[in-house]
Structures are given as structure tokens and as C-alpha cells.
Amino acid sequence: MSALGELTYAVAGLGRSGLACLQVLADMGARCIGVDGSEDALERARTAEASCDLVRASSLEQVRAAYDGADVVIVSPGIAPSQPLHAAALSAKAHVWSEVELAWRYQQQSAHPQRPWLAITGTNGKTTTVAMTAAILEAAGWHTPAVGNVGDPIITAVAEDNADALAVELSSFQLASTHSLRPHAAVCLNVAEDHLDWHGSVEDYVAAKARVYRGTRLACVYNRDEPRTIDMVADADVSEGARAIGFTRGIPGLSEIGVVEDVVCDRAYIANRRTHARELATFADLAHLGGEVPAATTLSDALAAAALACSLDIPADAVARGLRAFSPASHRRAVVSHATGVTWIDDSKATNAHAALASLSGCPPRSVVWIAGGDAKGQDFADLVAQVAPSLRGVVLIGVDRTPLREALARHGGGVPVMELEDHPEIMTSAVNEAVALSLPGDQVILAPACASWDQFANYRARGEAFAAAVRGLEQS
């Protein structure tokens with residue numbers, strides 16, 4: 001570690017990834033300083049016993065003084081460029097790295113510099129795709145931790161040095177300060193307007209997402225149904241020999257993975273792909289995730305995961321075995337129960353219209369009771385409602401400000417029944433009871449709020465847990 005260990009580092013933001021960076025830097029003997037504006041964060045760093053100096057700094061002047069002499073500033077992804085901890089780094093002489101950049105450089109100087117990274121980004125679906133990818137590779141006998149925005153910090157997994165490959169979830173925040181990463185395979189699942197307060201513009205947000213493809217060695221995986229991802233791959237500066245591999249919920253073309261009837265087919269990684277396809281999985285392998293026909297978002301994530309995993313030349317049957325073994329993360333289209341003859345699905349993580357659309361797309365006509373609402377964050381729901389209306393049997397609206405969704409449903413909902421609920425402490429129990437009244441056996445009740453949770457709940461997890469608890473109450477009645 002001589003090259004990295006000879007540098008002086010400032011680690012800005014002492015959350016999970018920041019603390020992990022401090023620990024690894026201290027272990028390699030590097031000079032480092034931890035900087036945060038919160039005394040609580042500094043106290044956590046002291047408890048972690050990383051051998052480094054700690055400085056509390058909040059104003060621009062204090063932060064600049066803390067960074068003085070640093071060769072590299074490693075900035076937490078949660079710190080926006082407008083905040084002093086980031087703004088001072090951008091104006092300093094030091095290099096600005098993400099934790100991802102440190103982890104990649106660390107690996108290049110380790111005993112296993114060629115360990116493949118499968119890099120996943122996108123506005124929605126990252127966590128599910130990362131976990132599916134890891135499950136498929138584990139089924140093939142590869143020890144593949146899911147890291148990044150999910151699981152352990154990347155730097156921790158790299159330093160432990162016991163993985164065969166890494167399935168890496170990357171946010172646009174992390175990618176913005178990542179420079180030398182060269183993943184084995186990479187995907188941007190989709191792009192919708194998000195995090196504009198951090199990036200400043202749609203263009204900067206899209207450009208940050210597109211960085212996932214930079215330097216890709218073997219497979220640039222794109223979503224054929226999302227034109228922006230096709231453009232990203234076309235414009236990417238990749239390693240010589242890297243291929244563009246598409247995925248689609250439709251019939252696959254050449255160099256694509258797609259679907260024929262209920263079979264996931266590969267026409268990308270087989271030698272005779274011009275004339276043949278190989279079976280990787282069937283819809284039955286995804287049935288535990290919500291029904292005989294998978295939701296559009298579930299299927300898309302599975303296709304992307306298969307495309308990434310197959311880049312490592314795994315057996316075809318590992319895809320099916322991995323998908324069968326996969327369990328979704330909490331509150332990400334997780335099947336909670338089949339109480340009252342209905343499939344109850346918790347997708348509380350669908351905190352924007354794009355995520356809700358993905359969650360509801362592909363459902364049969366008049367088969368869904370949708371629980372929606374919360375802090376709308378100024379979104380326009382017209383397009384979302386127009387696209388999902390044919391699938392809706394009814395809607396239960398929660399949230400303090402239900403007006404944006406109510407108006408969109410009135411204009412574009414096709415007369416679907418809508419029940420509005422005033423805010424009260426047992427709001428989710430009431431929502432579940434109303435959903436029972438609106439549903440028929442065989443339907444799905446989907447909590448996909450399309451909104452943030454802060455108006456009524458501490459976070460999306462608390463919202464999803466309240467939903468699951470209310471559904472469990474049905475099982476006991």
C-alpha cells in the first residue's frame with residue numbers, strides 16, 4: 001500500500017462509509033484526519049478508535065483550515081456540493097475522491113487487483129438488482145458480497161480481501177467523485193429526474209449516472225426500454241473490447257437478454273447468438289416475489305442481474321437457482337401476506353412517481369388496489385396515473401396533502417374508486433381495512449406511495465412496517 005499510504009487524507013462526513021475509510025487508512029499507516037460538523041459523528045469516530053485526528057468544522061473557513069495539507073479529500077456521498085464540507089474540497093488543491101475511488105485504488109494495489117466489480121446504478125431498482133446479482137453468483141459458487149449503498153461499505157469488503165467478485169450499488173453522488181473505476185460489467189437501470197437539489201440540473205444528474213460505464217472492461221449493460229441508457233453506452237469511454245449488452249422485457253434481439261413467453265432467454269453470451277438463444281430462468285423462478293407474472297420492475301431487475309452475472313461465464317442454471325433463492329430487501333416490493341385471498345405487497349421504498357410506476361406496471365387489468373400518498377415533493381402524477389389506471393380496481397389515499405394525487409386520479413384515473421383517509425395515529429390500519437373493502441380474491445394490494453413518508457412516518461421503513469403490521473392484523477382476525 002505504499003503509494004496510497006504515503007498520501008495525507010481528509011475524510012469529510014463520518015457516517016458509515018466515512019468511518020470505514022478512516023479505519024482502512026489508519027490500518028495502512030496513512031496520515032488522515034476526520035472532519036464533521038456534528039459532535040455526535042465525531043464521538044462515533046472516537047468510539048471506533050481509528051488512529052487519526054478528528055476535527056469539528058462546519059463553516060467554510062473552518063473546513064478549509066481542516067483540509068489544509070491534505071492530498072486527498074474523501075467526501076461522504078450524503079454531502080452536497082453546496083455544503084461547506086464539499087465546497088471547500090472542490091476549491092482546494094487536493095483531489096476529491098469518493099469512498100468508491102479509494103476502494104478501487106486500494107484493490108489495484110492489493111493481492112487481487114483483477115477482482116471483478118459489477119457496478120449497478122439507476123434511479124430505481126439498484127438495491128434489488130445488486131442483491132439478485134449477488135444471489136445468482138452465489139448460486140454459481142462465487143462469493144459475491146452486495147456492497148455500496150447496500151450492505152457493507154465497499155472499502156471494507158475490498159480490505160477484507162475474501163470475495164471472488166463484488167456486486168456494487170452506486171449512487172449518482174458516489175459516481176460524481178469516482179474517477180478511475182474500471183468495472184468488469186456495469187449497468188444504469190433507468191433514469192428519471194431525481195436529486196436535482198444535489199446535482200443542480202437534470203443534465204448533471206444524468207452525466208453522473210453515465211459515469212458508471214466509464215472504463216467498463218467487458219459488458220456495458222443497458223435497458224433497451226430506456227433510451228437514455230442506450231445513449232449513455234453509445235457515448236461511454238470504455239475499455240477496448242467491451243460489448244454493449246441489452247436487456248428487455250420483450251423478445252431479445254442480438255446481444256440482448258429478454259423474454260419469450262415466460263422464459264428468460266440469453267442471446268448475448270452464447271457463441272451461436274445470431275440464430276439461437278439459451279434458457280436462463282422462467283417466470284416460475286420469480287413467483288415468490290408476487291405472482292405468476294412478475295411485476296415489470298421485478299422482471300427488469302432480474303434481467304439486468306442476469307446480464308451482469310452472465311458476463312462472468314457462469315452456468316445458465318445458476319440464474320434460475322439464484323433468482324429462486326433471492327429474497328427482496330425490506331420494503332422493496334416484498335410480499336407481506338396472502339391474507340383475505342389477496343397478495344399484499346410492501347413497496348414503501350417507492351418514494352417517487354417513477355418508482356411507483358415501475359412497481360405497478362405490468363399488472364393485469366383491474367387487479368390492483370393501490371395505497372398511495374405522502375409528501376408529494378412537488379411532483380406531477382398525471383403520467384403515472386394515466387399509465388397505471390387500467391390495472392387499478394381501487395385507490396386508497398393517505399398523506400397530509402392528498403391533492404396532487406386526488407386531482408391526477410380525477411383527470412386520468414378512468415373513474416376508479418378512490419378512498420381518502422384523514423391523518424390519524426392508526427392511518428395504515430385504516431388504509432389496509434379500506435383496501436380489503438375495495439379488493440376481490442386474487443387481487444394485489446400494493447403499497448407504492450409515490451411520495452416521501454415524512455409527513456406521517458419517520459421514514460419509508462416505518463411506513464412499510466406499519467403496513468406489514470396492519471396486514472398481519474388481518475391474519476389474526
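Because the structure is predicted, anything quoted here is derived from the model rather than measured. Just so you know, these numbers use all the heavy atoms, side chains as well, and skip hydrogens, waters and symmetry mates.
- In this structure, F247 and Y222 have side chains that are not in contact, with every pair of non-hydrogen atoms separated by 4.5 Å or more.
- Checking side-chain atoms of S367 against main-chain N and O of C363 turns up no donor-acceptor pair under 3.5 Å.
- By the 4.5 Å heavy-atom criterion applied to side chains, R333 and D346 are not counted as neighbours.
- Between W344 and F467, the ring planes lie tilted relative to each other; the angle falls in the 30° to 60° range.
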Worked verdict on T121 versus K209 for side chain to side chain donor-acceptor pair (under 3.5 Å): CA-CA 7 Å; T121 195; K209 288 292 189 188; 2.9 Å; yes
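- With hydrogens and angles ignored, the 3.5 Å screen pairs a side-chain donor or acceptor of S361 with a backbone N or O of L357.
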Salt bridge (Lys or Arg N to Asp or Glu O under 4.0 Å) evaluation trace for R402 with E422: CA-CA 9 Å; R402 300 175 297 279; E422 298 290 339; 3.2 Å; yes
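- Under the 4.5 Å side-chain criterion, counting only non-hydrogen atoms from C-beta, L303 is in contact with V264.
- Of all the heavy atoms in A186 and T216, the pair that sits closest is CB-OG1, 3.7 Å.
- Nearest approach of L85 to A57, heavy atoms of both residues: CD2-O, 4.3 Å.
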Criterion side chain to side chain donor-acceptor pair (under 3.5 Å) on T128 and R332, from CA distance to verdict: CA-CA 8 Å; T128 298; R332 291 171 172 84; 5.3 Å; no
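- Salt bridge annotation for R46-E43: present, with a cationic side-chain nitrogen under 4.0 angstrom from a carboxylate oxygen.
- L170 approaches A119 most closely through the heavy-atom pair CD1-CB, 3.9 Å.
- Remark: D225 pairs with T248 by the side chain to side chain donor-acceptor pair (under 3.5 Å) rule, at least two apart or across chains.
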Pair H338-T343, side chain to side chain donor-acceptor pair (under 3.5 Å): steps then yes or no: CA-CA 5 Å; H338 294 282; T343 301; 3.2 Å; yes
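- Between the side chain of S300 and the backbone N or O of T297 there is no donor-acceptor pair closer than 3.5 Å.
- Among all heavy-atom pairs drawn from V238 and C220, the shortest one is CG1-SG, 3.5 Å.
- For the pair L299 and V259, the minimum side-chain heavy-atom distance is below 4.5 Å.
- Counting heavy atoms from C-beta outward, S348 and S453 have side chains that stay 4.5 Å or more apart.
- A 4.5 Å side-chain heavy-atom check between W117 and V158 finds at least one atom pair inside the cut-off.
- Contact record, S359 with D347: OG-OD2, 2.7 Å, taken as the closest heavy-atom pair.
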Verdict with reasoning, T229 to N223, per side chain to side chain donor-acceptor pair (under 3.5 Å): CA-CA 6 Å; T229 70; N223 185 344; 5.6 Å; no
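- Here the closest non-hydrogen pair linking L384 and A353 is CD1-O, 3.8 Å.
- Looking only at distances, a side-chain donor or acceptor of Q379 sits under 3.5 Å from a matching main-chain atom of A450.
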Derivation of the salt bridge (Lys or Arg N to Asp or Glu O under 4.0 Å) call for E99 and R16: CA-CA 11 Å; E99 177 231 337; R16 223 159 55 99; over 6 Å; no
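- Using a cutoff of 4.0 Å between basic side-chain nitrogens and carboxylate oxygens, R393 and D443 are scored as salt-bridged.
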Derivation of the side-chain contact (heavy atoms from CB on, under 4.5 Å) call for L54 and L22: CA-CA 10 Å; L54 299 172; L22 282 182; 4.2 Å; yes
